[in-house]
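The next block holds one structure in the form of structure tokens; read it before the comments.
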Amino acid sequence: MTLDAEHGLHLYREMLRIRRFEERCVELYSAGDIRGFLHLYIGEEAVATGVMEALTPDDAVVATYREHGHALVRGVEAEALMAEMFGKVEGCSRGRGGSMHLFDADRRFYGGNAIVGGGLPIAIGLALADKMQRRRRVTACFFGEGAMAEGEFHEAMNLAALWDLPVLFCCENNLYAMGTALARSESEVDLALKAASYEMPAWPVDGMDVVAVEEAARRAVAAIRGGGGPHFLEFRTYRYRAHSMYDPELYRSKAEVEEWKQRDPLDAFAAHLRTIGALDDDVEAQLEAEVAGEIDAAVAFAEAGTDEPVDDLTRFVLAGEAP
Amino acid sequence: MTLDAEHGLHLYREMLRIRRFEERCVELYSAGDIRGFLHLYIGEEAVATGVMEALTPDDAVVATYREHGHALVRGVEAEALMAEMFGKVEGCSRGRGGSMHLFDADRRFYGGNAIVGGGLPIAIGLALADKMQRRRRVTACFFGEGAMAEGEFHEAMNLAALWDLPVLFCCENNLYAMGTALARSESEVDLALKAASYEMPAWPVDGMDVVAVEEAARRAVAAIRGGGGPHFLEFRTYRYRAHSMYDPELYRSKAEVEEWKQRDPLDAFAAHLRTIGALDDDVEAQLEAEVAGEIDAAVAFAEAGTDEPVDDLTRFVLAGEAP
Amino acid sequence: MTATAASAATAGPAAAGTVRTTYRDAMRAALREALQRDERVFLMGEDVGRYGGCFAVSKGLLDEFGPERVRDTPLSEAGFVGAGIGAALGGMRPIVEIMTVNFSLLALDQILNNAATLLHMSGGQLNVPLVIRMTTGAGRQLAAQHSHSLEGMYAHIPGIKVVAPATLEDARGMLWTALEDPNPVLIFEHGGLYNMEGELAADAGPVDISRAVVRRPGERLTLVTYGGSLGKCIAAADELAREDISAEVVDLRVLRPLDTSAILASVARTHRAVVVDEGWRSGSLAAEVSARIMEGAFWDLDAPVGRVCAAEVPIPYARHLEEAAVPQVAGIVAAAREVVDAGG
Amino acid sequence: MTATAASAATAGPAAAGTVRTTYRDAMRAALREALQRDERVFLMGEDVGRYGGCFAVSKGLLDEFGPERVRDTPLSEAGFVGAGIGAALGGMRPIVEIMTVNFSLLALDQILNNAATLLHMSGGQLNVPLVIRMTTGAGRQLAAQHSHSLEGMYAHIPGIKVVAPATLEDARGMLWTALEDPNPVLIFEHGGLYNMEGELAADAGPVDISRAVVRRPGERLTLVTYGGSLGKCIAAADELAREDISAEVVDLRVLRPLDTSAILASVARTHRAVVVDEGWRSGSLAAEVSARIMEGAFWDLDAPVGRVCAAEVPIPYARHLEEAAVPQVAGIVAAAREVVDAGG
Ligand SMILES: Cc1ncc(C[n+]2csc(CCOP(=O)(O)OP(=O)(O)O)c2C)c(N)n1
Ligand SMILES: Cc1ncc(C[n+]2csc(CCOP(=O)(O)OP(=O)(O)O)c2C)c(N)n1
Ligand SMILES: [Mg+2]
Ligand SMILES: [Mg+2]
């Protein structure tokens, strides 16, 4: 796929938004503005960015607790996301979900699920609804490679394949599930091969290359929309930071982390954009400024946010009831 | 494998014991002596018979609710089994388990599990204990093909392969899970191929041929005992009767059932034994008489059995406590 | 016979405009009506289609509505319950059938962590209009992995509603109302009731799923119960009546949220109560009812509230042990006498 | 600070022969002792090894005992809990760790249908000497899929024991006793307690897992509680003492089987009680305690038993909402006052 400059810049900008947004989150966490668990996507930005390009607003997204990036590039406002992290009622989940539970029904962003594997059955259900209602929509479901050991993953894969459901399974293989290396969690470490055992088209993708990700996602989504049934993509990527905020990282070497950083999705792509003349220092500076501006505004919005009234605590436990 | 007459007769006799035992159970069910669910193994006798030949008394067996045959050929007394079906305290589970929950700790027969897929994690745990204690024992785990859609199946397979556990996974593929045909429950209907996706040796076996079953089981058990890790065998077989006692059998044709009966594991093997001169009418009659005698004695034992005192109801809820 | 006792208590004397039917057929009629009235409705579960339903409840529906809307699933409780949640989010109105409550534990993660939680956790964005039906209870000698009554555990979970039809009307009428509800609703059908026969109004239709109902008025004490124990309580009340002990029988109908005011109103009249529940005693729904009476009617009570629950054992196969393990008429009568004789 | 309050109440004044430690370290010491004393013991769960335990409880044990006995598992709760059951049947003494009670629902089928059932269903042949540890409770802004208190649901299940260490002694001492028990024992560790610091006897060892304990004697009312709420109840009792309301605090310690006699003995003295439980109110363990007091001490009561439980909502992330959702000192004090002012 030949990459035009404008689209290249767009992709780079989206990845940059994720990276800078999360870097700010780290500061805010240290400052105590963000609490609970905080799972960073830094290093994996190309995956969410590339896949979202292949989706239309009418499609659905199901993600995990490591979903800031997915929400951002899906179009959930940075303000609403940051306010959510701050636990403010202006947040995209009224401050009830926090980092792990970002929701936006209007953008068909179904969260934000913190039960590993728990989102997959929901995703195939969304796809089942589309299929039964003869809608040509796709549901993209993100999960880590660790989820592939969970029974719910297997039940969902089988149902999707059996019923020919329009689901794009996006496995973010960052090689570790917390401190557990892939080889200690799966007897078959070739995950695309594993997925293929469900009679489902599946292939591995360089998850550090946003163009490769977009290309693969577009191919898969086109096939799914055309009635080709579920597809599985294994995105080979890497998490630079701790699993969550506290993590001594006893399970991997600094050298390994550094190696992967040599293939950083932003740096590598920026270099490429410069070679094709799509990016230079001025443009880069301008991008950084715009992104910084967006994030500053988001932080200001979150800081100015309000606490949900305690009286609303029991509101929305059940639908259709007075608080 | 060349079959000597004596061994051949032994295999035939074991299959006959299962068949006649269950035919009697049907009568006793109609008479109201046996209640609850009753899942018959008729048509599948070659599988349990052949596999048990490959096991030593020190090995362990985990079975399902369709386990009369497994218990019988594992060596649980017909008396204790029949008394269990009658709900008598002389039963192998004190009459508390019934047809679906046959247990015999002395014979390392761990039941008798009626949660589809529920026995597999237990089986790998038994194998883990053997491995950690450096015992060269094998655990054979039986389950139907329907269980392969359950998450617990996949979690157990992965753990067994990952940890190299001495487990023989025995899939009894009788083509239906209650009324659900294999093609409606699995996206990959080649079950051995599916199992192989766990990096586990797996192959299909003619489950109607007791010699083929024994041969395959011996090969697998030898490999497992030798440290070869878990193996998976898909036994292709067929259930002649209803899933349980009530079942209109709307989901399959009489013709299909008849076709399979042409390959009846007992008839075919009897014919073979006659050709090699191991069986003739007299021997056959004698075998039938012996088996009938064993079953008559079992029924008499069960009829003479006693009810567990109601005061013992709460006994054995917890171990190490007075009733 | 307790079954007819229960239905009699609800259907009243056979009259013109009633039809003779069973709990199973009433449930099937409700399913058929739902599938006819709303094309978003579909039934999904193990063997609901070609097999005809493991308890024959959905028999015939496959032919009428086809395999898309009467959908057989593989053995994957977590998978298809989760798929039901997703389908509900996607605009469908799924009815998911789980064969037996014991198996529903395989789907409890989906029910509690997702179905019950999504609306609140998303700040009100994602409601889950899902109905889950399952069989519960003992009495058919199916032993410990097919006979438990775990509905009390579900009644502990915020974000879902839990109902237990104990009569033909409720078997016929609760499903539609549950489907109209924007929340996940769990319907517990006691396996011992499917063959219950009685008279049902020919025009029987949807019923409320918010209120408890007095099935039999009385003065001396209140028997609070639900589901499979209703018939036993009616029978016990009949027996007590012969001893001039007039017992009021309250059918909870809805296990979550509990209709506390109906319970307290009855106890305010009778000043005595026994709660009858087929669940294990410790941590039972009966404990919650007792605690609410304690909190809401303590000063009305002339005696401590009693409980008749299942013995705290895995339900055994042997008939005599199974019978001893769950509430029976004699035990209810004895508990009622004790409460009536106690105190002032 | 409630943590030290709780430990002070149990460790008593710092004396010679005591060491300053934390709940986390006490738990780790218990794990180490178990692994040293009995070679059949092994620890199995997600990230117990290389990661060091998600709450750092098992940190360092991998190096000391190796990957066979400190066994990292894939994400397969049902699989490795079931494997623990099988290993127990095979003669081992497994300690299975589940990170958080919300995830344990994925293994509930194995726990209820197998671990709790096998002994009875097999007529006494197969006992399951398995220990399962898990974190429970709110207070760390982890939101609705990491913060619930479902131990009450487990306390409903016959065939298992359920304990909740609330002090350093119990964190240090319950594990070994649980391992010696021939039955499945579930240990619920409140996530808010891991950093609790205090004095522990240098020779602290195994403790019983059968009795409730009075953590603070008092006359006017009894506060019945366990786990993460003990510290709050001690603090509430301190505050009540300033109003000359002397509250006795009973730590249940064992949630199944409940030590009913200890509860009744205290209420017989105080004639009033409030049960404090971080679980959801409806169908809570607190309901069971209230019902047992109703049944066993009704005539002793001068006022209805009160309950302070979690609000019936999925626990929210926002700090102020999370605090409002679970029992706090002020709410306990208010409930205690109400019960003291009520009635005679
Ligand atoms: C069912 C369940 N078990 C355990 C956890 C705790 N946990 C949270 S994330 C995680 C690792 C998941 O790894 P992976 O699926 O590879 O996703 P990643 O974090 O690497 O993106 C674990 C064990 C959980 N949230 N849910
Ligand atoms: C978890 C669970 N779900 C559903 C059932 C009900 N059920 C009992 S047997 C069965 C079919 C199992 O089919 P298969 O595994 O192929 O074994 P088969 O009966 O054919 O020997 C079903 C659905 C159950 N017992 N457990
Ligand atoms: Mg990962
Ligand atoms: Mg089958």
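Just the heavy atoms: all of them, side chains too, but no hydrogens, waters or symmetry mates, feed the values below. First the proteins, then the strands, lettered A, B, ... as listed; each starts at 1.
Residue-level contacts of residues 132-141 of chain D with chain A, in order of numbering, are D:Arg140, D:Gln141; threshold 4.5 Å between heavy atoms.
Residue D:Glu323 holds its CD atom at 12.0 Å from CG of A:Leu313, rounded to the nearest 0.5 Å. Expressed to the nearest 0.5 Å, how far OH of D:Tyr317 lies from CZ of A:Phe86 amounts to 8.5 Å. In this structure, the separation between CZ on A:Phe37 and SG on D:Cys54 is 7.0 Å, given to the nearest 0.5 Å. Atom CZ of D:Arg50 is separated from atom CG of A:Leu250 by 11.5 Å, given to the nearest 0.5 angstrom. Annotation: the span from A:His154 atom NE2 to D:Ser76 atom OG amounts to 7.5 Å, rounded to 0.5 Å. Atom CG in D:Asp72 sits 10.0 Å away from atom CE in A:Met178 (nearest 0.5 Å).
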Handout entry: Chi angles and distances behind the side chain to side chain contact (heavy atoms under 4.5 Å, CB included) call for D:Val313, A:Arg315
Key = CA-CA 9 Å; D:Val313 304; A:Arg315 206 172 152 200; over 6 Å; no
Practice task
Please assess D:Arg319 against A:Asp307 for the test side chain to side chain contact (heavy atoms under 4.5 Å, CB included), listing each intermediate value before the final yes or no.
Solution key: CA-CA 9 Å; D:Arg319 182 193 220 114; A:Asp307 287 349; over 6 Å; no
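Contacts between A:Ile34 and chain D at a heavy-atom distance below 4.5 Å involve backbone atoms as well as side-chain atoms. Interface remark: A:Glu249 contributes no atoms to any contact with chain D (heavy atom separation under 4.5 Å). For A:Ala181, no part sits under 4.5 Å from any heavy atom of chain D, backbone or side chain. Both the backbone and the side chain of D:Ala324 have a heavy atom closer than 4.5 Å to some heavy atom of chain A. For A:Val116, the part lying under 4.5 angstrom from a heavy atom of chain D is the side chain only.
Among the candidates D:Glu77, D:His146, D:Gln145, the single residue satisfying the side chain to side chain contact (heavy atoms under 4.5 Å, CB included) test with A:Ile115 is D:Gln145.
At least one side-chain heavy atom of A:Glu308 sits under 4.5 Å from a side-chain heavy atom of D:Leu321. Contact of the A:Glu152 side chain with the D:Leu106 side chain is registered, since non-hydrogen atoms from C-beta on lie closer than 4.5 Å. A:Val310 has its side chain within reach of D:His320: a pair of non-hydrogen atoms, C-beta onward, lies under 4.5 Å apart.
Using modelled atom types, no side-chain atom of A:Thr180 and backbone atom of D:Pro74 make a donor-acceptor pair closer than 3.5 Å. Side chain of D:Asp47 to backbone of A:Gly179: a donor-acceptor contact under 3.5 angstrom is found.
Within 6.0 Å of the CD atom in A:Glu303, the count of heavy atoms belonging to other residues, nucleotides or ligands exceeds 12.
Ring-plane geometry between A:Tyr251 and D:Tyr51 is classed as parallel, the angle between the planes falling under 30 degrees on a 0 to 90 degree scale with a further cut at 60.
The heavy-atom pair separating A:Val317 from D:Pro314 by the smallest distance is CG2-CD, 4.5 Å.
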